[in-house]
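Predicted model only: the values in this text are computed from it and were never measured. FYI, side chains are in, hydrogens and waters are out, and symmetry mates aren't considered; it's all heavy atoms of this structure.
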Amino acid sequence: MAGTAVLGRLTWQVGEVTGTRTETPRTRSLIVDLPHWPGHRAGQHVDIRLTAEDGYQAVRSYSIASPPEDSQVEVTVERLDDGEVSPYLVDEAQPGDQLEFRGPVGGYFVWDVSRGGPLFLVAGGSGIVPLMSMIRHRQARHSDIPLTLLYSVRAPQDVIYRAELDRLAPDGVTIAYTFTREQPEDWTGFARRIDRDLLREAAPPLNTRPLVYVCGPTPFVETAAGLLVELGYDAGRIYTERFGATGRER
Amino acid sequence: MNDHSLDGNAMAGLLGEIFPFEMTSVRALCAGCGAMEALGRESVYADAPGMVMRCLHCEAILIRAVEGGGRIWIDMRGVACLQVHGE
Ligand SMILES: Cc1cc2nc3c(=O)[nH]c(=O)nc-3n(C[C@H](O)[C@H](O)[C@H](O)COP(=O)(O)OP(=O)(O)OC[C@H]3O[C@@H](n4cnc5c(N)ncnc54)[C@H](O)[C@@H]3O)c2cc1C
Ligand SMILES: [Zn+2]
(Lines give C-alpha, C1' and ligand atoms only; values in the text may rest on other atoms or scores of the structure.)
(Ligands and ions follow the chains in the order given, each with its own letter.)
Protein backbone atom coordinates (compact mmCIF):
# COMPACT_ATOMS: atom_id res chain seq x y z
CA MET A 1 0.00 0.00 0.00
CA ALA A 2 2.91 2.36 0.68
CA GLY A 3 3.37 3.41 -2.93
CA THR A 4 -0.27 4.02 -3.69
CA ALA A 5 -0.99 5.68 -0.36
CA VAL A 6 1.69 8.33 -0.81
CA LEU A 7 0.34 9.45 -4.16
CA GLY A 8 -3.24 8.43 -3.44
CA ARG A 9 -3.40 6.94 -6.91
CA LEU A 10 -4.62 3.52 -7.88
CA THR A 11 -2.36 0.84 -9.25
CA TRP A 12 -2.91 -2.78 -10.20
CA GLN A 13 -2.23 -5.34 -7.53
CA VAL A 14 -2.27 -9.11 -7.49
CA GLY A 15 -4.85 -10.91 -5.40
CA GLU A 16 -5.17 -14.61 -4.74
CA VAL A 17 -8.47 -16.43 -4.92
CA THR A 18 -8.82 -18.23 -1.59
CA GLY A 19 -12.30 -19.63 -1.98
CA THR A 20 -15.34 -19.81 -4.20
CA ARG A 21 -19.04 -20.21 -3.48
CA THR A 22 -21.69 -21.11 -6.02
CA GLU A 23 -24.62 -18.77 -5.39
CA THR A 24 -27.01 -19.72 -8.19
CA PRO A 25 -26.67 -21.81 -11.37
CA ARG A 26 -25.30 -18.69 -13.12
CA THR A 27 -23.40 -16.87 -10.39
CA ARG A 28 -20.43 -17.57 -8.22
CA SER A 29 -18.66 -15.61 -5.52
CA LEU A 30 -14.88 -15.40 -5.40
CA ILE A 31 -13.20 -14.70 -2.09
CA VAL A 32 -9.93 -12.89 -2.67
CA ASP A 33 -6.95 -12.17 -0.48
CA LEU A 34 -5.38 -8.80 -1.36
CA PRO A 35 -2.30 -8.17 0.77
CA HIS A 36 -2.27 -4.44 0.00
CA TRP A 37 -5.97 -3.78 0.39
CA PRO A 38 -6.60 -0.32 1.89
CA GLY A 39 -10.18 -1.13 2.93
CA HIS A 40 -13.34 -0.14 1.10
CA ARG A 41 -16.76 1.42 1.51
CA ALA A 42 -20.02 -0.42 0.87
CA GLY A 43 -21.07 0.12 -2.75
CA GLN A 44 -17.58 0.39 -4.23
CA HIS A 45 -16.20 -1.93 -6.89
CA VAL A 46 -12.92 -3.26 -8.21
CA ASP A 47 -11.64 -3.56 -11.72
CA ILE A 48 -10.36 -7.02 -12.59
CA ARG A 49 -7.84 -7.49 -15.39
CA LEU A 50 -7.23 -10.76 -17.19
CA THR A 51 -4.23 -11.20 -19.44
CA ALA A 52 -4.16 -13.88 -22.12
CA GLU A 53 -0.99 -15.75 -23.05
CA ASP A 54 -0.58 -13.55 -26.12
CA GLY A 55 -0.70 -10.43 -23.96
CA TYR A 56 -4.29 -9.47 -24.77
CA GLN A 57 -5.93 -7.84 -21.77
CA ALA A 58 -9.54 -7.41 -20.75
CA VAL A 59 -10.70 -5.23 -17.86
CA ARG A 60 -14.15 -5.44 -16.25
CA SER A 61 -15.68 -3.90 -13.14
CA TYR A 62 -17.09 -6.03 -10.31
CA SER A 63 -18.84 -4.73 -7.24
CA ILE A 64 -17.60 -5.72 -3.82
CA ALA A 65 -20.15 -7.90 -2.03
CA SER A 66 -18.38 -8.12 1.31
CA PRO A 67 -18.81 -5.40 3.94
CA PRO A 68 -16.00 -3.03 4.92
CA GLU A 69 -15.77 -4.97 8.20
CA ASP A 70 -14.40 -8.11 6.44
CA SER A 71 -10.69 -8.51 5.87
CA GLN A 72 -11.12 -10.47 2.66
CA VAL A 73 -12.75 -9.09 -0.44
CA GLU A 74 -15.61 -10.94 -2.07
CA VAL A 75 -17.03 -10.37 -5.54
CA THR A 76 -20.03 -12.13 -7.11
CA VAL A 77 -20.08 -12.64 -10.85
CA GLU A 78 -22.93 -13.61 -13.15
CA ARG A 79 -22.03 -15.67 -16.21
CA LEU A 80 -22.93 -14.18 -19.59
CA ASP A 81 -22.50 -17.13 -21.91
CA ASP A 82 -21.06 -15.11 -24.77
CA GLY A 83 -19.02 -12.85 -22.51
CA GLU A 84 -15.27 -12.51 -22.56
CA VAL A 85 -14.50 -12.32 -18.84
CA SER A 86 -17.46 -13.51 -16.75
CA PRO A 87 -17.44 -17.19 -17.90
CA TYR A 88 -13.83 -17.47 -16.77
CA LEU A 89 -14.58 -15.97 -13.35
CA VAL A 90 -17.71 -18.08 -12.83
CA ASP A 91 -16.56 -21.44 -14.21
CA GLU A 92 -12.79 -21.56 -14.21
CA ALA A 93 -11.04 -19.46 -11.57
CA GLN A 94 -9.95 -21.71 -8.68
CA PRO A 95 -8.49 -21.21 -5.22
CA GLY A 96 -4.79 -20.48 -5.60
CA ASP A 97 -5.29 -18.56 -8.86
CA GLN A 98 -3.96 -15.04 -9.05
CA LEU A 99 -5.87 -12.18 -10.65
CA GLU A 100 -5.08 -8.49 -11.07
CA PHE A 101 -7.19 -5.94 -9.21
CA ARG A 102 -7.50 -2.16 -9.25
CA GLY A 103 -9.44 -0.59 -6.44
CA PRO A 104 -11.44 -0.04 -4.45
CA VAL A 105 -13.06 2.48 -6.79
CA GLY A 106 -16.10 4.71 -6.66
CA GLY A 107 -17.09 7.26 -4.04
CA TYR A 108 -20.45 8.24 -5.42
CA PHE A 109 -22.45 5.01 -5.16
CA VAL A 110 -21.58 4.32 -1.51
CA TRP A 111 -23.42 4.08 1.76
CA ASP A 112 -22.51 3.70 5.38
CA VAL A 113 -24.56 3.87 8.54
CA SER A 114 -23.50 7.47 9.20
CA ARG A 115 -25.48 8.50 6.10
CA GLY A 116 -28.66 7.30 7.77
CA GLY A 117 -31.83 6.26 6.01
CA PRO A 118 -34.39 4.93 5.73
CA LEU A 119 -32.74 2.90 3.03
CA PHE A 120 -34.51 1.77 -0.12
CA LEU A 121 -32.41 -0.63 -2.21
CA VAL A 122 -33.60 -1.59 -5.68
CA ALA A 123 -31.77 -4.45 -7.40
CA GLY A 124 -32.09 -5.99 -10.84
CA GLY A 125 -30.29 -9.35 -11.13
CA SER A 126 -26.62 -9.08 -10.23
CA GLY A 127 -27.28 -5.45 -9.25
CA ILE A 128 -27.84 -6.89 -5.78
CA VAL A 129 -24.05 -7.25 -5.30
CA PRO A 130 -23.06 -3.73 -4.13
CA LEU A 131 -26.36 -3.46 -2.25
CA MET A 132 -25.47 -6.67 -0.39
CA SER A 133 -22.31 -4.99 0.85
CA MET A 134 -24.52 -2.23 2.24
CA ILE A 135 -26.89 -4.76 3.84
CA ARG A 136 -23.97 -6.69 5.36
CA HIS A 137 -22.46 -3.46 6.64
CA ARG A 138 -25.75 -2.52 8.27
CA GLN A 139 -25.86 -5.94 9.95
CA ALA A 140 -22.23 -5.80 11.04
CA ARG A 141 -22.93 -2.48 12.75
CA HIS A 142 -26.15 -3.77 14.35
CA SER A 143 -27.84 -0.76 12.81
CA ASP A 144 -31.59 -0.35 13.10
CA ILE A 145 -31.89 1.96 10.09
CA PRO A 146 -35.08 0.81 8.32
CA LEU A 147 -34.20 -1.14 5.19
CA THR A 148 -36.44 -1.99 2.26
CA LEU A 149 -35.10 -4.17 -0.54
CA LEU A 150 -36.90 -4.59 -3.84
CA TYR A 151 -35.19 -7.32 -5.84
CA SER A 152 -36.15 -8.16 -9.41
CA VAL A 153 -35.06 -11.46 -10.95
CA ARG A 154 -36.41 -13.71 -13.64
CA ALA A 155 -37.03 -16.78 -11.52
CA PRO A 156 -36.73 -17.89 -7.88
CA GLN A 157 -33.53 -19.85 -8.57
CA ASP A 158 -31.85 -16.63 -9.74
CA VAL A 159 -32.00 -14.98 -6.32
CA ILE A 160 -28.41 -14.46 -5.16
CA TYR A 161 -27.73 -14.63 -1.38
CA ARG A 162 -31.20 -16.10 -0.79
CA ALA A 163 -30.38 -17.94 2.43
CA GLU A 164 -28.65 -14.93 3.91
CA LEU A 165 -31.48 -12.57 2.95
CA ASP A 166 -33.99 -14.97 4.51
CA ARG A 167 -32.03 -14.93 7.75
CA LEU A 168 -32.12 -11.13 8.14
CA ALA A 169 -33.97 -10.23 11.29
CA PRO A 170 -37.42 -9.02 10.28
CA ASP A 171 -37.36 -5.93 12.49
CA GLY A 172 -36.65 -2.98 10.34
CA VAL A 173 -36.13 -5.11 7.21
CA THR A 174 -38.68 -5.49 4.41
CA ILE A 175 -37.83 -7.57 1.36
CA ALA A 176 -40.00 -7.76 -1.75
CA TYR A 177 -39.12 -9.93 -4.72
CA THR A 178 -40.53 -9.60 -8.15
CA PHE A 179 -40.18 -12.72 -10.32
CA THR A 180 -40.55 -11.51 -13.86
CA ARG A 181 -40.71 -14.82 -15.76
CA GLU A 182 -41.27 -17.76 -13.45
CA GLN A 183 -42.91 -17.73 -10.06
CA PRO A 184 -43.10 -20.30 -7.28
CA GLU A 185 -46.40 -22.21 -7.35
CA ASP A 186 -48.08 -20.53 -4.40
CA TRP A 187 -46.61 -17.10 -5.18
CA THR A 188 -48.75 -14.11 -4.25
CA GLY A 189 -46.07 -11.43 -4.59
CA PHE A 190 -45.01 -9.34 -7.59
CA ALA A 191 -44.69 -11.21 -10.87
CA ARG A 192 -43.77 -8.57 -13.43
CA ARG A 193 -41.10 -6.12 -14.43
CA ILE A 194 -40.88 -2.98 -12.36
CA ASP A 195 -43.54 -0.43 -13.19
CA ARG A 196 -45.07 2.60 -11.54
CA ASP A 197 -47.67 0.76 -9.44
CA LEU A 198 -45.19 -1.84 -8.32
CA LEU A 199 -42.77 0.83 -7.13
CA ARG A 200 -45.51 2.79 -5.45
CA GLU A 201 -46.45 -0.35 -3.49
CA ALA A 202 -42.93 -1.50 -2.64
CA ALA A 203 -41.20 1.78 -1.84
CA PRO A 204 -41.15 3.33 1.63
CA PRO A 205 -43.66 6.19 1.96
CA LEU A 206 -42.65 9.44 0.28
CA ASN A 207 -42.73 11.42 3.51
CA THR A 208 -40.01 9.22 5.06
CA ARG A 209 -37.61 10.67 2.45
CA PRO A 210 -35.71 7.43 1.83
CA LEU A 211 -32.16 7.28 0.61
CA VAL A 212 -32.39 5.21 -2.59
CA TYR A 213 -29.76 3.05 -4.30
CA VAL A 214 -30.66 1.47 -7.63
CA CYS A 215 -28.37 -1.01 -9.37
CA GLY A 216 -28.63 -3.46 -12.23
CA PRO A 217 -28.65 -3.60 -16.03
CA THR A 218 -28.81 -0.14 -17.61
CA PRO A 219 -32.45 -0.32 -18.83
CA PHE A 220 -33.57 -1.55 -15.40
CA VAL A 221 -31.81 1.31 -13.62
CA GLU A 222 -33.14 3.94 -16.02
CA THR A 223 -36.70 2.70 -15.61
CA ALA A 224 -36.64 2.39 -11.84
CA ALA A 225 -34.86 5.69 -11.15
CA GLY A 226 -37.02 7.55 -13.67
CA LEU A 227 -40.26 6.25 -12.17
CA LEU A 228 -39.16 7.06 -8.62
CA VAL A 229 -38.55 10.68 -9.60
CA GLU A 230 -41.96 10.77 -11.29
CA LEU A 231 -43.53 9.42 -8.10
CA GLY A 232 -42.03 12.35 -6.23
CA TYR A 233 -38.94 10.86 -4.60
CA ASP A 234 -36.12 13.35 -4.22
CA ALA A 235 -33.77 12.95 -7.21
CA GLY A 236 -30.94 14.23 -5.03
CA ARG A 237 -31.37 11.20 -2.75
CA ILE A 238 -31.43 8.61 -5.55
CA TYR A 239 -28.08 7.02 -6.39
CA THR A 240 -27.68 4.77 -9.40
CA GLU A 241 -25.14 2.35 -10.77
CA ARG A 242 -25.53 0.88 -14.25
CA PHE A 243 -23.96 -2.49 -15.02
CA GLY A 244 -24.44 -2.10 -18.79
CA ALA A 245 -26.17 -4.51 -21.13
CA THR A 246 -25.38 -7.37 -18.79
CA GLY A 247 -26.96 -10.29 -20.49
CA ARG A 248 -30.57 -11.21 -20.23
CA GLU A 249 -33.41 -8.79 -19.92
CA ARG A 250 -35.32 -8.82 -16.68
CA MET B 1 -29.42 7.22 -23.40
CA ASN B 2 -29.18 3.74 -24.82
CA ASP B 3 -29.27 0.28 -23.33
CA HIS B 4 -25.59 -0.27 -22.88
CA SER B 5 -24.56 3.11 -21.55
CA LEU B 6 -22.84 3.00 -18.18
CA ASP B 7 -22.26 5.76 -15.70
CA GLY B 8 -19.22 7.53 -14.31
CA ASN B 9 -18.71 4.76 -11.76
CA ALA B 10 -17.48 2.54 -14.59
CA MET B 11 -14.64 4.98 -15.37
CA ALA B 12 -13.56 5.40 -11.75
CA GLY B 13 -10.74 2.86 -11.88
CA LEU B 14 -9.15 4.36 -14.96
CA LEU B 15 -9.43 7.93 -13.66
CA GLY B 16 -8.06 6.70 -10.33
CA GLU B 17 -4.79 5.83 -12.01
CA ILE B 18 -4.36 9.42 -13.13
CA PHE B 19 -5.84 11.53 -10.36
CA PRO B 20 -4.83 11.25 -6.71
CA PHE B 21 -8.38 11.52 -5.41
CA GLU B 22 -11.67 9.71 -5.82
CA MET B 23 -13.09 11.01 -9.09
CA THR B 24 -16.76 9.97 -9.10
CA SER B 25 -17.63 12.54 -6.45
CA VAL B 26 -15.63 15.28 -8.18
CA ARG B 27 -17.92 17.65 -10.09
CA ALA B 28 -17.23 18.74 -13.64
CA LEU B 29 -18.40 21.80 -15.54
CA CYS B 30 -19.46 20.86 -19.07
CA ALA B 31 -17.75 23.06 -21.64
CA GLY B 32 -20.73 22.51 -23.94
CA CYS B 33 -23.75 23.49 -21.84
CA GLY B 34 -22.34 24.72 -18.56
CA ALA B 35 -23.99 22.03 -16.42
CA MET B 36 -22.15 21.07 -13.24
CA GLU B 37 -22.45 17.40 -12.31
CA ALA B 38 -20.70 14.72 -10.26
CA LEU B 39 -18.65 12.54 -12.62
CA GLY B 40 -20.32 9.45 -11.09
CA ARG B 41 -23.62 10.58 -12.62
CA GLU B 42 -22.45 11.29 -16.16
CA SER B 43 -23.02 8.77 -18.98
CA VAL B 44 -20.15 6.52 -19.97
CA TYR B 45 -19.85 4.35 -23.07
CA ALA B 46 -17.34 1.54 -23.04
CA ASP B 47 -18.01 -0.18 -26.36
CA ALA B 48 -15.51 1.93 -28.26
CA PRO B 49 -11.83 1.14 -27.76
CA GLY B 50 -11.41 2.90 -24.46
CA MET B 51 -14.14 4.87 -22.75
CA VAL B 52 -16.13 7.98 -23.52
CA MET B 53 -17.86 10.09 -20.88
CA ARG B 54 -20.70 12.29 -22.05
CA CYS B 55 -22.58 15.12 -20.36
CA LEU B 56 -25.78 13.88 -18.73
CA HIS B 57 -27.55 17.04 -19.87
CA CYS B 58 -26.37 17.80 -23.43
CA GLU B 59 -24.53 14.58 -24.48
CA ALA B 60 -21.36 16.50 -25.36
CA ILE B 61 -18.17 14.50 -24.93
CA LEU B 62 -16.52 15.38 -21.62
CA ILE B 63 -13.67 12.88 -21.41
CA ARG B 64 -12.20 10.28 -23.73
CA ALA B 65 -9.66 7.82 -22.39
CA VAL B 66 -7.84 4.80 -23.75
CA GLU B 67 -5.51 2.56 -21.80
CA GLY B 68 -3.15 -0.08 -23.11
CA GLY B 69 0.44 -1.22 -23.09
CA GLY B 70 1.10 0.51 -19.79
CA ARG B 71 -0.05 3.92 -21.08
CA ILE B 72 -3.17 5.99 -20.73
CA TRP B 73 -4.31 8.65 -23.20
CA ILE B 74 -6.85 11.08 -21.84
CA ASP B 75 -8.62 13.92 -23.64
CA MET B 76 -10.57 16.22 -21.32
CA ARG B 77 -11.32 19.13 -23.60
CA GLY B 78 -15.04 18.85 -22.85
CA VAL B 79 -14.47 19.65 -19.19
CA ALA B 80 -14.21 23.37 -18.56
CA CYS B 81 -13.52 23.04 -14.84
CA LEU B 82 -13.23 20.42 -12.10
CA GLN B 83 -14.45 21.05 -8.58
CA VAL B 84 -12.39 19.00 -6.13
CA HIS B 85 -12.99 18.88 -2.41
CA GLY B 86 -9.91 19.20 -0.26
CA GLU B 87 -9.36 16.80 2.65
C1 LIG C 1 -19.50 -0.38 -11.93
C2 LIG C 1 -19.84 -1.77 -12.42
C3 LIG C 1 -20.00 -2.81 -11.51
C4 LIG C 1 -20.31 -4.10 -11.95
N5 LIG C 1 -20.48 -5.09 -11.01
C6 LIG C 1 -20.80 -6.35 -11.42
C7 LIG C 1 -21.01 -7.40 -10.46
O8 LIG C 1 -20.90 -7.21 -9.26
N9 LIG C 1 -21.31 -8.64 -10.93
C10 LIG C 1 -21.44 -8.90 -12.27
O11 LIG C 1 -21.70 -10.05 -12.64
N12 LIG C 1 -21.26 -7.91 -13.20
C13 LIG C 1 -20.93 -6.66 -12.80
N14 LIG C 1 -20.73 -5.66 -13.75
C15 LIG C 1 -20.74 -6.03 -15.18
C16 LIG C 1 -19.35 -6.52 -15.57
O17 LIG C 1 -18.43 -5.45 -15.49
C18 LIG C 1 -19.26 -7.04 -17.01
O19 LIG C 1 -19.83 -6.10 -17.88
C20 LIG C 1 -19.96 -8.37 -17.19
O21 LIG C 1 -19.41 -9.35 -16.32
C22 LIG C 1 -19.84 -8.84 -18.64
O23 LIG C 1 -18.49 -9.01 -18.96
P24 LIG C 1 -18.07 -10.12 -20.02
O25 LIG C 1 -16.63 -9.87 -20.38
O26 LIG C 1 -18.39 -11.48 -19.52
O27 LIG C 1 -19.00 -9.85 -21.23
P28 LIG C 1 -18.65 -8.99 -22.55
O29 LIG C 1 -17.72 -9.77 -23.40
O30 LIG C 1 -18.24 -7.63 -22.16
O31 LIG C 1 -20.08 -8.94 -23.19
C32 LIG C 1 -21.17 -8.40 -22.41
C33 LIG C 1 -22.51 -8.97 -22.79
O34 LIG C 1 -23.25 -7.90 -23.31
C35 LIG C 1 -23.48 -8.12 -24.67
N36 LIG C 1 -23.15 -6.86 -25.32
C37 LIG C 1 -21.92 -6.34 -25.52
N38 LIG C 1 -22.03 -5.16 -26.15
C39 LIG C 1 -23.36 -4.95 -26.34
C40 LIG C 1 -24.12 -3.92 -26.94
N41 LIG C 1 -23.52 -2.86 -27.47
N42 LIG C 1 -25.47 -4.01 -26.96
C43 LIG C 1 -26.10 -5.08 -26.42
N44 LIG C 1 -25.41 -6.11 -25.84
C45 LIG C 1 -24.07 -6.04 -25.82
C46 LIG C 1 -22.58 -9.25 -25.12
O47 LIG C 1 -23.18 -9.99 -26.15
C48 LIG C 1 -22.48 -10.03 -23.83
O49 LIG C 1 -23.63 -10.85 -23.66
C50 LIG C 1 -20.46 -4.36 -13.33
C51 LIG C 1 -20.29 -3.32 -14.24
C52 LIG C 1 -19.99 -2.03 -13.80
C53 LIG C 1 -19.84 -0.94 -14.81
ZN1 LIG D 1 -23.35 19.53 -21.24
Handout entry: Proximity breakdown for A:Gln57 and chain B, heavy-atom pairs closer than 4.5 Å
Key = neither
Practice task
Considering only heavy atoms and a distance below 4.5 Å, find which of A:Val221, A:Thr240, A:Val46 pairs most often with chain B.
Solution key: A:Thr240
Exercise for the section: Sequence neighbours left out, what passes ring pair (Phe, Tyr, Trp, His ring centres under 6.0 Å) with A:Tyr151? Give chain and number order. Expected result: A:Tyr177
Practice task
Keeping the roles fixed (side chain from A:Arg9, backbone from B:Glu17), state whether a donor-acceptor pair exists under 3.5 Å.
Solution key: yes
Handout entry: Partners meeting side chain to side chain contact (heavy atoms under 4.5 Å, CB included) with A:Arg237 (sequence neighbours left out)
Key = A:Arg209, A:Leu211, A:Asp234
Practice task
With sequence neighbours left out, write down each residue that passes salt bridge (charged side-chain N to carboxylate O under 4.0 Å, His left out) with A:Glu16, or none if nothing qualifies.
Solution key: none
Handout entry: Note: B:Glu67-A:Arg102 ion pair, threshold 4.0 Å (strictly below)
Key = yes
Handout entry: Option in B:Ala12, B:Gly40, B:Gly13 with maximal non-hydrogen atom pairs under 4.5 Å from chain A
Key = B:Gly13
Handout entry: Heavy-atom pair of closest approach, residues A:Glu222 and B:Ser5
Key = OE2-OG, 4.5 Å
Handout entry: Any residue of residues 107-117 of chain A which, by heavy atoms, sits under 4.5 Å from chain B
Key = A:Gly107, A:Tyr108, A:Phe109
Exercise for the section: Work out which heavy atom in B:Ala10 is nearest to a heavy atom in A:Ser61; give both atom names and the distance. Expected result: O-OG, 4.2 Å
Handout entry: Region of B:Leu39 that comes under 4.5 Å of a non-hydrogen atom in chain A
Key = neither
Problem - Least distance between heavy atoms, A:His45 atom then B:Asn9 atom - result: CE1-O, 2.9 Å
Problem - Atom pair CG/CD of A:Leu10 and B:Glu22 - distance to nearest 0.5 Å - result: 9.0 Å
